[in-house]
Q: 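Mind looking over this structure? Questions follow.
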Amino acid sequence: MAVLEIIALHADDAERSEAGGADRVELVGTMDDDGLSPEPRMVEKVRRRTSIRVRPMVRLRAGFGTDGGETVRLKGLISSYLDAGADGVVLGFLNYANEVDREVVGELVGDGDFPWTFHRAIDHCLDADRAWVDVRALPRVDQVLTAGSVRGVAHGLDDLLRRAKSDPGVARLIMAGGRLEPEHVPWLIRSGVRAFHVGSRARPGGSFKAYVDVPLVRSWRELIDDEVARARAASRP
């Protein structure tokens with residue numbers, strides 16, 4: 001089954017995402033700087049009101065760098081999120097050379113047993129091929145949120161399709177997101193991608209000032225499921 005993840009800013013968004021058929025929410029405290037960490041109590045609120053899977057964003061400032069002092073705080077946040085009922089987290093950090101910071105990320109996730117998503121920091125790496133090698137070497141990463149381009153899926157679609165078709169392991173990791181549009185979904189599914197991340201397109205007017213809309217989430221759910229069924233039928237002898 002394909003995974004549909006929706007960006008949620010609060011418990012109401014999570015509740016509406018679940019009602020529309022989403023599998024998971026990426027919980028953020030604010031969409032400033034493309035999404036920063038929520039307070040742990042927000043995870044608790046979501047957990048009390050829904051049974052949907054929740055992955056909070058672990059990111060405290062703009063950009064994709066961090067330092068030793070902040071790393072301690074980030075580890076504390078991860079622990080608080082898991083204690084509050086999160087099933088995993090979303091994170092990703094780069095070093096001064098715009099490469100995946102395997103040391104920092106490994107320190108943040110290395111001691112646990114939780115699954116996690118490497119977020120769109122990967123789209124900002126100078127050497128995308130090396131970035132994928134580095135991410136795949138990290139422990140327990142089960143999804144990589146990527147548009148294939150810093151400018152969104154419309155610009156990175158060809159790269160996503162190429163990577164997914166050339167390596168089934170990469171296809172299983174890709175969660176396509178970043179200005180994802182419905183017309184991208186059939187192409188991605190035919191290439192083997194089975195995870196999708198939707199933000200503003202799950203809200204009326206495409207605005208994060210509006211709450212997640214149940215019918216819009218349901219339309220994404222139906223589109224994805226229908227295209228998966230078509231791909232399966234086409235693959236049968």
Q: Going by salt bridge (charged side-chain N to carboxylate O under 4.0 Å, His left out), name the pairs with one or both residues in residues 21-30, residues two or more places apart or in two chains.
A: Glu5-Arg24, Asp23-Arg221
Q: Side chain of Arg194, backbone of Met1: donor and acceptor closer than 3.5 Å?
A: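 Side chain of Arg194 to backbone of Met1, a donor-acceptor pair under 3.5 Å: no, none is there.
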Q: To check you understand the geometry: which heavy-atom pair defines the closest contact between Val46 and Ala14, and what is its length?
A: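 The pair with the smallest heavy-atom distance is CG1-CB, 3.6 Å.
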Q: Would you say the side-chain atoms of Ser79 pair up with the backbone N or O of Gly76, donor to acceptor, closer than 3.5 Å?
A: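 No, the answer is negative, given that no donor and acceptor are paired below the 3.5 Å cut-off.
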Q: Between Leu188 and Leu180, is a side-chain contact (heavy atoms from CB on, under 4.5 Å) present by the stated rule, with each step listed?
A: CA-CA 11 Å; Leu188 289 159; Leu180 181 72; 3.9 Å; yes
Q: Could you check whether Arg140 makes a cation-pi contact with Phe114, meaning its NZ or CZ is under 6.0 Å from the centre of the six-membered ring and within 45° of the ring axis?
A: yes
Q: Hey, are Asp142 and Arg55 close enough for a salt bridge, meaning a charged N less than 4.0 Å from a carboxylate O?
A: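 A salt bridge is present here (some side-chain N lies under 4.0 Å from a carboxylate O).
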Q: Can you establish whether the number of heavy atoms outside Glu183 located under 6.0 Å from its atom CD is more than 12?
A: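 Above 12, so yes.
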Q: Going by ring-ring contact (aromatic ring centres under 6.0 Å, His included), name the residues that satisfy it together with Phe64, two or more places apart in sequence or in a different chain.
A: His119, His124
Q: Give a yes or no on whether Arg130 atom CZ has more than 12 heavy-atom contacts from other residues, nucleotides or ligands under 6.0 Å away.
A: no
Q: When you compare the side chain of Thr66 with that of Leu74, does any pair of heavy atoms fall below 4.5 Å?
A: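 Counting from C-beta outward, Leu74 and Thr66 do come under 4.5 Å.
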Q: Is Pro56 close to Val90 at the side-chain level, that is, under 4.5 Å between some pair of heavy atoms?
A: no
Q: Does either side chain, that of Glu18 or that of Ser51, offer a donor lying less than 3.5 Å from an acceptor on the other one?
A: yes
Q: May I ask you to decide if Val54's main-chain N or O and Asp87's side chain share a donor-acceptor pair within less than 3.5 Å?
A: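 Checking the backbone N and O of Val54 against the side chain of Asp87, a donor-acceptor pair under 3.5 Å is found.
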Q: Hey, does the side chain of Trp116 reach the backbone of Pro139 with a donor-acceptor pair shorter than 3.5 angstrom?
A: yes
Q: Is there a donor-acceptor contact under 3.5 Å from the side chain of Arg120 to the main chain of Ser149?
A: yes
Q: Is Arg59 salt-bridged to Asp34, cutoff N-O under 4.0 Å?
A: no
Q: Please say whether more than 12 non-hydrogen atoms of neighbouring residues, nucleotides or ligands are located less than 6.0 Å from CZ in Arg49.
A: yes
Q: Has the side chain of His184 got a donor or acceptor atom that lies under 3.5 Å from a matching backbone atom of Glu181?
A: yes
Q: Please report the interatomic distance CD(Glu70) to CG(Leu77), rounded to the nearest 0.5 Å.
A: 9.5 Å
Q: Report the C-alpha distance between His10 and Asp13 in whole Å, list the side-chain angles of each, state the deciding distance to 0.1 Å, and finish with yes or no for side-chain contact (heavy atoms from CB on, under 4.5 Å).
A: CA-CA 5 Å; His10 40 64; Asp13 278 349; 3.2 Å; yes
Q: Could you tell me whether Arg136 and Asp167 make a salt bridge, using a distance below 4.0 angstrom between a side-chain N and a carboxylate O?
A: yes
Q: Any side-chain to backbone donor/acceptor pair from Thr117 onto Val144? Under 3.5 Å, distance only.
A: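 No: the side chain of Thr117 does not pair with the backbone of Val144.
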Q: Taking the side chain as every heavy atom from C-beta outward, state whether Leu160 and Trp187 have any pair of such atoms under 4.5 Å apart.
A: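 Side-chain contact under 4.5 Å: no.
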Q: Any side-chain heavy atom of Ile7 within less than 4.5 Å of one from Val25?
A: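 In short, these two side chains do not touch, never coming nearer than 4.5 Å.
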Q: To the nearest 0.5 Å, how far apart are OG in Ser207 and CE in Met31?
A: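 Rounded to the nearest 0.5 Å, the OG-CE separation comes out at 11.0 Å.
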Q: Any ion pair linking Arg61 and Asp67 (charged N to carboxylate O, less than 4.0 Å)?
A: yes
Q: Enter the distance from Asp129:CG to Asp134:CG here, rounded to the nearest 0.5 Å.
A: 11.0 Å
Q: Does a sphere of radius 6.0 Å around CZ in Arg162 hold more than 12 heavy atoms from other residues, nucleotides or ligands, not counting ones at 6.0 Å or beyond?
A: yes
Q: In Å and rounded to the nearest 0.5 Å, what is the CZ to CZ distance from Arg203 to Arg16?
A: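 Between Arg203 CZ and Arg16 CZ, I get 9.5 Å after rounding to 0.5 Å.
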Q: Side chains of Leu36 and Val28: does their closest heavy-atom pair fall under 4.5 Å?
A: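 A side-chain contact is absent here, since even the closest heavy-atom pair is not under 4.5 Å.
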Q: If we ignore hydrogens and angles and just use 3.5 Å, is the side chain of Arg47 paired with the main-chain N or O of Thr50 as donor and acceptor?
A: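 Yes, Arg47 side chain to Thr50 backbone: donor-acceptor pair under 3.5 Å.
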Q: Look at Asp159 together with Arg163 and state whether they make a salt bridge at an N to O cut-off of under 4.0 Å.
A: yes
